Amino acid sequence: MATTSKGVQASYPTHVDINDIYAPTHPDDQYKYSHGLSGVNQPQNNLLVNVLLTTLLLVTIVILVYRVGRGFQAERRHVAAATNPARQAIWATNRWKWFPRLKEHLLYAPLWKNRHNSEIQLSSAITFGTLPSRMHTILLLGYFASNLAYCLILPWKTADAPFLVATLRGRSGTLAVLNLIPTILFALRNNPFIWIFHISYDTFNLFHRWLATIVFLEVLAHIAAWLYNTLRVGDWKGAMWIINQAASYKWGLMASIAFLLITIQTWSPLRHAFYETFLVIHRVLIIHVIIGVYWHLKQHALPQLYWAYIIIAILAAEYVFRFFRVVYFNTSGLFRNRAITKTTVEALPGEACRLKFHLTRPWTGNPGSHVHVYLPSISFWCSHPFSVAWVEPQPLASESEKLPSSIGDLRIKTASSTVSLVVRARTGMTRSLHKKASLQPNKTLTTWGAIEGPYGGFNSLDSYGTVLLFAGGVGITHQISFVRHLLAGHTTGTAAAQRVVLIWSIRSTDILEWTGRWLEEIMAMRDRKDVLQVILYVSGKNSDLDTKLLPEGIEVRRGRCTASDVIDAEILDQVGAMVVTVCGPGAFADMVRAAVRRRVCVKNIDFVEESFTY
Ligand SMILES: Cc1cc2nc3c(=O)[nH]c(=O)nc-3n(C[C@H](O)[C@H](O)[C@H](O)COP(=O)(O)OP(=O)(O)OC[C@H]3O[C@@H](n4cnc5c(N)ncnc54)[C@H](O)[C@@H]3O)c2cc1C
């Protein structure tokens, strides 16, 4: 008999090895349901895991069919409308009644009324994040309910309560490790499902957070079941004695404590208030969870061990991929002429900076894509996401001079490119950046930096005859790249756009400096007068505006933009299918979403939102 604790002394046969979970149960061992596989129904666990994976596969197939169907329809419309721009009327109307209703009540619907991206705020410093959409809520509730059901498929008819609880311990532990795979995958920006489904990282990040909550609840159930069976026959000292007997339990305990800390630190007000600190601590804790889970499974040679290998492989692949993406775009000439990306940061009025990355390679991102920016002198540990506002390809000297005379000359040989971003100062890295650049001569800082990307940019607007782009404040960065692309596409006959309206809502006119000469360049483009309308809403009361300083053709309206008025007016003149996109503060985006939902059953209108927060 063991002698460390009274409870254990009374009940634990020393000749049983706790670490050998596959050893037959000893009749004297009252702790038999606290270790090993006694009561754990492995065949049923495997069956339920297969059921869960099959359900996920079915959901994946449904989403994939939807995505391929929509992609095929957009492609057909693109070709038809771009080749015959005057005959787009057929695309302006809804072909089926059910689909617009689905868009109104499910696909574009917030959970409740109109609130989706406006943050729930207790004060300006304390926010509780945003609400998931109706569609997301259904998916999340369905997944939560299925996990609950799998945990509750237990031998309820048995009179042996500890046996039932041990079955729950096995079930909840199995599901927790299984769910850890998508939880981690969905937190990664190179998650392949993002580009397979064309679903934004933002959405996967939402699923990541809710899946993590499910994992946490399953971990709690796993521990509670173990504690119930342990304390039933012994005391807390006995429980500690068992933990000390097996390294596996110590690792399990470490992983659980790390998970508990993660759950506390991810609480929305804490996460948003100190995002960079949150990220650093989060990563350290995740490493502890993975190491803990790995050894917990490994020490007992549990069959779920290979899931831990999958998790480690996914994480390793993500960081290798990120590394190569950074190296590819930022050190491309390293072996030829030792060139690396040059970065300039220009402080602008309106508390923003313009960042220019002079890459040694041509940029390959689509309009609407974003990059992660590394500026080690400002923020050593984190990279921050920003939309690519403007790209200037720098052609090879020989290329710019001569006209193509052979098929070989048609190959794109652009030597390098300059990628520009506009970064609004918030409280962390962006504030330090603005401060540092403002103190430089000419308010321009040259530093070492790199970009990683391109990410996103899979929402092509090329098949729409009418495109409405709403930008609130710095949201212009996302929209402006589309304007240039669509105008050029109209001229070359590669985009269906016949009418493009850019609505930019700003508080004061100094913000106009953010776009520098880009608006001028756009307003000087061919066909601009036939296709593009730019409306500027200036909402600040004390903002003096000298319209003569603006590029010709920009319309200025005082006050706040009412999206429903703009959209309703455009519907009357709609050419072909219409898309309304928005990028801006949460409340602004919610207003545009609500205005679109009101009219999706009237005409063929799609809605796309780009959000700047997770
Ligand atoms: C796809 C995308 C595109 C974006 N494009 C632009 C843009 O073109 N111009 C622009 O000004 N802003 C853009 N943002 C927002 C920008 O990333 C944040 O404002 C910036 O990271 C804030 O940094 P900070 O340290 O000053 O943040 P803080 O003031 O400390 O935090 C403000 C908020 O920013 C978010 N945030 C902070 N750090 C990060 C991070 N590393 N990753 C993700 N979110 C973070 C958090 O939600 C946080 O609550 C974009 C965001 C996303 C997701």
Side-chain angles (χ1 to χ4, degrees), residues 117 119-121 124-130 187-189 194 199-206 208-209 265-283 322 345 347-348 350-357 365-375 378-391 419-437 451-459 471-482 506 511 514-515 518 581-586 589 608-614:
N117 249 330
E119 293 200 322
I120 304 165
Q121 283 192 314
S124 60
I126 304 178
T127 71
F128 288 91
T130 55
L188 306 177
R189 46 191 186 244
I194 293 179
I199 291 176
S200 69
Y201 173 74
D202 188 26
T203 302
F204 277 107
N205 202 274
L206 172 91
H208 156 74
R209 293 196 299 270
Q265 66 122 208
T266 47
W267 188 51
S268 192
L270 282 183
R271 176 162 48 102
H272 283 284
F274 314 98
Y275 198 83
E276 213 166 276
T277 318
F278 153 79
L279 273 186
V280 175
I281 299 175
H282 197 64
R283 284 179 192 144
R322 281 189 197 181
V345 183
L348 302 171
E351 305 210 303
C353 292
R354 186 165 33 241
L355 269 70
K356 283 192 175 177
F357 291 87
N366 292 329
S369 54
H370 64 274
V371 289
H372 276 258
V373 168
Y374 295 84
L375 292 170
I378 312 286
S379 161
F380 190 75
W381 296 106
C382 284
S383 62
H384 290 251
F386 297 102
S387 293
V388 173
W390 203 255
V391 179
V419 168
S420 299
L421 323 172
V422 177
V423 173
R424 210 195 91 194
R426 292 181 200 237
T427 54
M429 177 291 269
T430 51
R431 173 71 49 196
S432 318
L433 184 70
H434 184 256
K435 222 171 175 178
K436 199 163 176 182
I451 55 174
E452 177 202 317
Y455 289 103
F458 33 65
N459 282 315
V474 78
I476 190 69
T477 52
H478 179 75
Q479 305 293 41
I480 202 163
S481 59
F482 281 109
I506 52 176
I511 284 173
W514 293 358
T515 53
W518 305 334
T581 82
V582 63
C583 184
V608 180
E609 177 177 359
E610 173 80 356
S611 152
F612 276 1
T613 52
Y614 305 143

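Computed from a predicted model, the values in this text were never measured in an experiment. When a ligand or atom number is given, it counts from 1 through the structure's own listing order.
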In ligand 1, the atoms that come under 4.0 Å of a heavy atom of T477 are 7 (C), 8 (O)
If you scan protein heavy atoms around atom 28 (P) of ligand 1, the nearest is T427 OG1, 3.4 Å
min-distance protein heavy atom vs atom 11 (O) of ligand 1 -> R424 N, 2.7 Å
Of all protein heavy atoms, the one nearest atom 43 (C) of ligand 1 is Y614 CE1, 3.2 Å
### Message
Quick check on atom 33 (C) of ligand 1 - does any protein heavy atom sit closer than 4.0 Å to it?
### Response
no
Ligand 1 to M429, heavy atom cutoff 4.0 Å, flagged ligand atoms 24 (P), 25 (O), 26 (O)
May I ask you to check if ligand 1 and T430 share an N or O to N or O distance below 3.5 Å?
-> yes
Exactly one candidate in C583, S420, S387 meets side chain to side chain contact (heavy atoms under 4.5 Å, CB included) with T477; the answer is S387
The atoms of ligand 1 lying under 4.0 Å from a heavy atom of V474, numbered in the order shown, are 9 (N), 10 (C), 11 (O)
Here the pair of heavy atoms bringing N117 nearest to S611 is ND2-CB, 3.7 Å
The protein heavy atom nearest to atom 23 (O) of ligand 1 is H384 ND1, 3.2 Å
Heavy atoms of F458 and I194 approach each other most closely as CE2-CG2, 3.6 Å
Short N/O distance, under 3.5 Å, between S387 and ligand 1?
yes
* To do: Say whether V422, considering both its backbone and side-chain N or O atoms, lies within less than 3.5 Å of an N or O atom on ligand 1.
  => yes
Are R431 and E351 close enough for a salt bridge, meaning some N to O gap below 4.0 Å?
yes
protein heavy-atom neighbour closest to atom 42 (N) of ligand 1 works out as P385 CD, 3.2 Å
Those residues at least two apart in sequence (or on a different chain) that pass side-chain hydrogen bond (donor to acceptor under 3.5 Å, both in side chains) with H372 are R189, S383
Under 3.5 Å between any N/O of G428 and any N/O of ligand 1: does that happen in this structure? yes
The atoms of ligand 1 lying under 4.0 Å from a heavy atom of H370, numbered in the order shown, are 1 (C)
**Asked** If you measure from each heavy atom of H478 to ligand 1, is any distance below 4.0 Å?
**Response** no
Q. Any nitrogen or oxygen of R426, main chain or side chain, under 3.5 Å from a nitrogen or oxygen of ligand 1?
A. yes
Ranked by distance from atom 15 (C) of ligand 1, the top protein heavy atom is F612 O, 3.5 Å
Ligand 1 atoms nearer than 4.0 angstrom to some heavy atom of V423 are 11 (O)
Nearest non-hydrogen protein atom to atom 47 (O) of ligand 1, with distance, is H272 ND1, 3.4 Å
Closest to atom 41 (N) of ligand 1 (heavy atoms only, candidates S200, S383, C382) is S383
Residues passing the side-chain hydrogen bond (donor to acceptor under 3.5 Å, both in side chains) test with R424, sequence neighbours excluded, are none
the protein heavy atom lying closest to atom 37 (C) of ligand 1 turns out to be Y275 CD2, 3.4 Å
Closest non-hydrogen contact found for L279 with C382 is CD1-SG, 3.9 Å
